[in-house]
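Notes follow once the structure below has been shown.
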Amino acid sequence: MLATPFRPNDIVEIEGDIGKVIRLTSRATILLSFDGNHIRIPNATVFKSRIVNYSTNDARRFDFEIGVASDADLDQVRTLTDDVVAGLPFVLAEPAPMSWIDRIGDGAVILFVTGWIDQNHTSLALAKGEAIRMVKAAIEAEDIEVPDTTYRIQMVGGTPAPFEATSPAPKAPEQKITPVVATDVEDTSKAALDRIVEAERSDPETPDLLTENGLKE
């Protein structure tokens, strides 16, 4: 019996290519990439390569970085970040979310933030995006700056105009908006991709070693 490190529909990464497993033939492994393309990897490459199977476990981790001003209370920011991520309805309690101070960047202190989801029900990409949105909003609600580290240089020619001191225009009071957690984080693309894989696998003329009959051959 042929032992394989993946099953049909598993999401795997092989030699930097990521996709859902369509089939295994005697010569190659066929993947469906997330943009709908076929990836054919020779088995000589597959079984000598490092293979990451993202479908083996239900729980999967997302992570992101966020910068805060260097004069911020970093312990407060860490506690706030952990509480926000833990409070998101799609984030698992175990393993627990974590954040830590990763490094000092250009004009900011960078925090690394993690959380876990059940990938059978929640989109990893949508969960990550929603966590970033909520953490950023919570930090800014505490009047902690999330710096823009992009530098803009504008070159202006000609003779400088004479400087005239002017009083700055009064700023309108800022209205703080409490963000609402999005509920549409279900992985709706999974079912569509599964249907494409099943349609591909239903071709009786194409050999497939991942079927029961194929494994016995």
Side-chain angles (χ1 to χ4, degrees), residues 1-66 85 88-98 102 112-135 181-217:
M1 191 170 185
L2 179 64
T4 62
F6 44 71
R7 301 161 298 177
N9 267 318
D10 279 358
I11 299 173
V12 298
E13 178 178 353
I14 305 171
E15 289 287 289
D17 289 311
I18 301 177
K20 294 176 74 68
V21 176
I22 296 177
R23 68 173 58 88
L24 170 67
T25 71
S26 59
R27 295 186 177 183
T29 297
I30 313 299
L31 306 181
L32 175 70
S33 71
F34 290 112
D35 53 5
N37 294 322
H38 278 201
I39 303 172
R40 183 183 185 276
I41 308 174
N43 287 337
T45 300
V46 171
F47 292 104
K48 290 189 300 183
S49 300
R50 172 179 175 267
I51 300 174
V52 181
N53 191 327
Y54 294 107
S55 299
T56 301
N57 299 318
D58 295 338
R60 188 171 175 187
R61 194 184 85 169
F62 65 82
D63 56 62
F64 61 91
E65 296 179 344
I66 189 166
V85 177
L88 297 174
F90 49 83
V91 170
L92 301 178
E94 291 291 336
M98 288 184 62
D102 188 64
F112 195 84
V113 185
T114 69
W116 293 76
I117 61 164
D118 183 342
Q119 62 177 336
N120 294 319
H121 304 291
T122 303
S123 163
L124 186 74
L126 293 178
K128 176 179 177 178
E130 186 62 10
I132 292 173
R133 184 177 75 89
M134 297 301 293
V135 166
V181 181
T183 57
D184 54 343
V185 291
E186 182 180 356
D187 194 350
T188 54
S189 65
K190 180 177 183 297
L193 290 173
D194 287 350
R195 286 193 293 271
I196 295 174
V197 171
E198 289 304 318
E200 295 274 357
R201 290 179 52 76
S202 63
D203 182 0
E205 302 299 322
T206 305
D208 184 9
L209 296 178
L210 294 178
T211 63
E212 289 187 12
N213 291 334
L215 291 171
K216 293 177 182 177
E217 292 177 356

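For this chain, numbers begin at 1 and follow the sequence in order. Keep in mind that this is a model prediction, so the values were computed, not measured.
Expressed to the nearest 0.5 Å, how far CZ of R50 lies from CD of E15 amounts to 10.0 Å. Here the CD1 atom belonging to I22 is positioned 11.5 Å from the OG1 atom belonging to T25, to the nearest 0.5 angstrom. The CZ atom of F90 sits 6.0 Å away from atom CZ of F62, with the distance rounded to the nearest 0.5 Å. A distance of 10.5 Å separates CG of L31 from CD of E13, quoted to the nearest 0.5 Å. Taking CG of L24 as the start and CD1 of I41 as the end, the distance is 11.0 Å to the nearest 0.5 Å. Put simply, OG on S49 and CD1 on I14 are 7.0 Å apart, with the number rounded to the nearest 0.5 Å.
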Please report the C-alpha distance between D194 and K20 in whole Å, then the side-chain angles of each, then the deciding distance to 0.1 Å, and finally whether the salt bridge (charged side-chain N to carboxylate O under 4.0 Å, His left out) criterion is met.
CA-CA 8 Å; D194 287 350; K20 294 176 74 68; 3.0 Å; yes
Given W116 and V91, is the side-chain contact (heavy atoms from CB on, under 4.5 Å) satisfied, shown in steps?
CA-CA 6 Å; W116 293 76; V91 170; 5.7 Å; no
Assess the residue pair D17 and S33 against the criterion (side chain to side chain donor-acceptor pair (under 3.5 Å)); give the C-alpha distance rounded to whole Å, side-chain angles, the decisive distance to 0.1 Å, and a yes or no.
CA-CA 8 Å; D17 289 311; S33 71; over 6 Å; no
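We find that R61 and D63 are joined by a salt bridge, their nearest charged nitrogen and carboxylate oxygen being less than 4.0 Å apart. A salt bridge is defined here as a Lys NZ or Arg NE, NH1 or NH2 lying under 4.0 Å from an Asp or Glu carboxylate O, and E198 with R195 fails to meet this definition. Remark: R201 engages D208 in a salt bridge, criterion side-chain N to carboxylate O under 4.0 Å.
Of the possible polar contacts, one joining the S202 side chain to the A199 backbone as a donor-acceptor pair under 3.5 Å is found. E65 places no side-chain N or O within 3.5 Å of a backbone atom of D102 that could act as its donor or acceptor partner. Using a distance-only test at 3.5 Å, with no hydrogens or angles considered, a donor-acceptor pair links the side chain of D10 to the main chain of R7. The backbone N or O of P97 sits nowhere less than 3.5 Å from a side-chain atom of T114 that would complete a donor-acceptor pair. Between the side chain of N57 and the backbone N or O of A59 there is no donor-acceptor pair closer than 3.5 Å.
Here the closest non-hydrogen pair linking I51 and P5 is CD1-CG, 3.6 Å. Residues E200 and R23 approach most closely at O-NH2, 2.5 Å, considering heavy atoms. Closest non-hydrogen pair, I117 versus A127, comes out as CG2-CB, 3.9 Å.
Contact annotation: the side chain of I66 never approaches that of F112 to less than 4.5 Å [non-hydrogen atoms, C-beta and beyond]. When side chains are defined from C-beta on, F34 counts as touching L193, because their heavy atoms get closer than 4.5 Å. Residues V135 and F64 are in side-chain contact: their nearest non-hydrogen atoms beyond the backbone lie under 4.5 Å apart. Taking the side chain as every heavy atom from C-beta outward, H38 and I30 approach each other to under 4.5 Å. Using a 4.5 Å heavy-atom threshold, the side chains of V85 and V113 count as touching. Counting only heavy atoms from C-beta outward, the side chains of I132 and K128 approach each other to under 4.5 Å.
Between the side chains of T29 and N43, at least one donor N or O sits under 3.5 Å from an acceptor N or O.
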